[in-house]
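The structure appears below as structure tokens.
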Amino acid sequence: ENSFDKYYSPLWGSNHLSVDPQGNEVQLLMDTSSGAGFRSKLDYGSGLFRIRMKIPEKKTEGIVTCFYLTSAPDNQEPGNHFELDFEFLGTNGTVQTNVYDYDGGHREQSFKLPFDPSQDFHTYGILWNPSQIVFFIDGIPIRVFKNNSAQGVAYPSKAMHIEASIWNADWAGPVDWAQAPFVAHYQDFDFYACPTQNDDVSICGNGHYFWNRRRHLELNDEQKQQMKSYRSAYMTYDYCSSPSTSKQECSLN
């Protein structure tokens with residue numbers, strides 16, 4: 001069994017999803033008729049999730065290529081839910097991260113990447129343990145959302161599954177359909193995580209999982225410096241700068 005079929009299954013637009021014969025790469029195709037997506041077979045309560053991804057190289061706005069964790073049920077309007085996002089809005093090299101904290105989200109932080117994400121595969125990762133959530137690009141931490149539930153800030157308490165998809169969104173700009181089809185590529189489907197059922201994530205805080213051990217409970221000094229440098233060089237938008245944002249939540253992270 002190849003690693004895609006071991007961990008994932010098609011979610012929608014399956015006639016726009018193709019797996020190479022070895023199961024090492026999946027292509028999601030977007031045209032005027034449909035996009036496509038896949039999801040993990042299981043739900044998880046903690047882990048170190050990652051995938052290698054290359055976004056479509058045809059230049060356009062409006063096409064959203066993503067990799068994320070979500071507690072929202074399949075094929076339902078999400079409502080209040082937990083979600084951790086990497087989203088490419090168009091193909092101009094900007095990635096948006098977002099956190100839905102059992103609410104409507106709106107915690108966007110965007111980065112103009114120091115590489116062209118349509119030309120090569122890069123690794124996008126999310127660490128989620130009882131202490132913190134960290135977004136990584138090629139192993140560099142770019143964003144942290146800490147567990148501040150003691151201060152009244154919600155923290156993911158429901159099981160989440162992984163999804164990856166390509167679709168179009170009016171709010172991300174007009175699509176240049178003359179460029180279609182748009183093809184996103186995904187590789188490296190294995191990851192480390194604690195499967196859970198019935199939304200019981202408490203069993204997934206166990207210290208025998210390496211991602212829950214002390215060195216993953218907060219960034220070390222070198223990682224903090226890496227993150228500070230990356231954010232100062234490449235971050236183009238931070239929800240914390242919006243007047244409507246809870247300054248307490250931002251200061252805690």
Side-chain angles (χ1 to χ4, degrees), residues 1-44 47-60 62-76 78 83-91 93 95-97 113 115-128 135-139 159-169 172 175 177 179-197:
E1 185 179 44
N2 67 58
S3 60
F4 177 77
D5 291 332
K6 182 176 177 185
Y7 293 107
Y8 290 100
S9 54
L11 181 58
W12 58 282
S14 54
N15 61 338
H16 283 55
L17 178 154
S18 59
V19 187
D20 78 341
Q22 292 75 40
N24 296 330
E25 185 178 312
V26 166
Q27 296 185 3
L28 300 182
L29 184 143
M30 173 93 218
D31 60 19
T32 51
S33 68
S34 182
F38 58 88
R39 64 154 287 169
S40 60
K41 292 182 172 178
L42 302 178
D43 292 340
Y44 301 96
L48 182 55
F49 306 88
R50 60 184 183 201
I51 208 155
R52 283 169 62 76
M53 181 169 147
K54 184 166 70 167
I55 71 167
E57 56 185 352
K58 307 280 187 58
K59 295 301 173 208
T60 188
I63 295 291
V64 182
T65 312
C66 22
F67 170 69
Y68 56 101
L69 303 179
T70 180
S71 69
D74 292 350
N75 308 321
Q76 284 184 21
E83 186 170 311
L84 310 172
D85 289 334
F86 278 105
E87 292 183 305
F88 287 88
L89 310 181
T91 55
V95 68
Q96 174 179 284
T97 61
L113 296 172
F115 53 80
D116 182 341
S118 73
Q119 293 306 298
D120 289 301
F121 284 94
H122 292 268
T123 303
Y124 302 90
I126 300 169
L127 168 74
W128 168 33
F135 293 78
F136 295 91
I137 296 179
D138 292 332
M160 292 193 275
H161 62 272
I162 310 166
E163 288 190 21
S165 59
I166 186 170
W167 49 288
N168 64 300
V175 178
W177 289 111
Q179 300 285 331
F182 303 97
V183 182
H185 306 256
Y186 293 85
Q187 292 178 342
D188 283 5
F189 301 105
D190 52 342
F191 50 85
Y192 304 99
C194 166
T196 183
Q197 294 169 327

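Residues: numbered from 1 along the sequence shown.
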Exercise answer: donor-acceptor pairs, residues 30-38 side-chain atoms, under 3.5 Å, sequence neighbours excluded:
| from | atom 1 | to | atom 2 | distance (Å) |
| --- | --- | --- | --- | --- |
| D31 | OD1 | H16 | NE2 | 3.0 |
| D31 | OD1 | S33 | N | 2.9 |
| D31 | OD1 | S33 | OG | 2.7 |
| D31 | OD1 | S34 | N | 3.2 |
| D31 | OD2 | H16 | NE2 | 3.2 |
| S33 | OG | H16 | NE2 | 3.3 |

inquiry  = If you define the side chain from C-beta out and look only at heavy atoms, does anything of I137 sit under 4.5 Å from F115?
reply    = yes
note = Sorted by chain and number, sequence neighbours left out, side chain to side chain contact (heavy atoms under 4.5 Å, CB included) with S18 holds for Q27
task = With the side chain counted from C-beta on, respond yes when T70 and M160 share a heavy-atom pair under 4.5 Å apart, and no when they do not.
result = no
Inter-residue atom distance W167.CH2 - T65.OG1, 0.5 Å rounding = 10.0 Å
key: Close side-chain approach of Y68 and L84, heavy atoms under 4.5 Å   = no
ask   = Would you say L69 and F49 make side-chain contact, with heavy atoms under 4.5 Å?
value = yes
request  = Apply side chain to side chain contact (heavy atoms under 4.5 Å, CB included) to Q22 and list each qualifying residue two or more places apart in sequence or on a separate chain.
outcome  = D20, N24
query = Any donor-acceptor pair under 3.5 Å linking the side chain of D85 with the backbone of T97?
reply = no
ask   = Is the side chain of T91 donor-acceptor paired with the backbone N or O of E57 at a distance under 3.5 Å, no angle test?
value = no
remark   = Sequence neighbours excluded, the answer for side chain to side chain donor-acceptor pair (under 3.5 Å) partners of Q96 is E87
Which atom of L28 lies closest to which atom of A164, heavy atoms considered = CD1-O, 4.0 Å
ask   = Taking only residues two or more places apart in sequence or in another chain, which ones pass side chain to side chain donor-acceptor pair (under 3.5 Å) with D43?
value = R39
remark   = Scanning both residues in full, the closest heavy-atom pair of P56 with S118 reads O-CB, 3.4 Å
key: Contacts of Y44 that satisfy side chain to side chain donor-acceptor pair (under 3.5 Å) - sequence neighbours left out   = none
request  = First locate atom NZ of K54, then atom CD of Q119, and finally report the distance between them rounded to the nearest 0.5 Å.
outcome  = 7.5 Å
task = Sequence neighbours left out, what passes ring-ring contact (aromatic ring centres under 6.0 Å, His included) with F182? Give chain and number order.
result = none
request  = For residues A159 and S71, report the shortest heavy-atom separation together with the two atoms involved.
outcome  = O-CB, 3.3 Å
ask   = Measuring from F136:CZ to L127:CG, what's the distance to the nearest 0.5 Å?
value = 5.5 Å
task = Taking the six-membered ring for Trp and the full ring for Phe, Tyr or His, determine whether the centres of F86 and Y124 are under 6.0 Å apart.
result = yes
query = Where is the tightest heavy-atom contact between L17 and V26, given as atom of each residue plus distance?
reply = CG-CG1, 4.0 Å
Min side-chain heavy-atom separation F67-I162 under 4.5 Å = yes
remark   = Those residues at least two apart in sequence (or on a different chain) that pass side chain to side chain donor-acceptor pair (under 3.5 Å) with S40 are none
Which atom pairs, one a donor and one an acceptor, fall under 3.5 Å between side chains of residues 184-193 and the rest of the protein, sequence neighbours left out?
| from | atom 1 | to | atom 2 | distance (Å) |
| --- | --- | --- | --- | --- |
| H185 | ND1 | E25 | OE2 | 2.9 |
| Y186 | OH | C66 | O | 2.8 |
| Q187 | NE2 | E25 | OE1 | 3.2 |

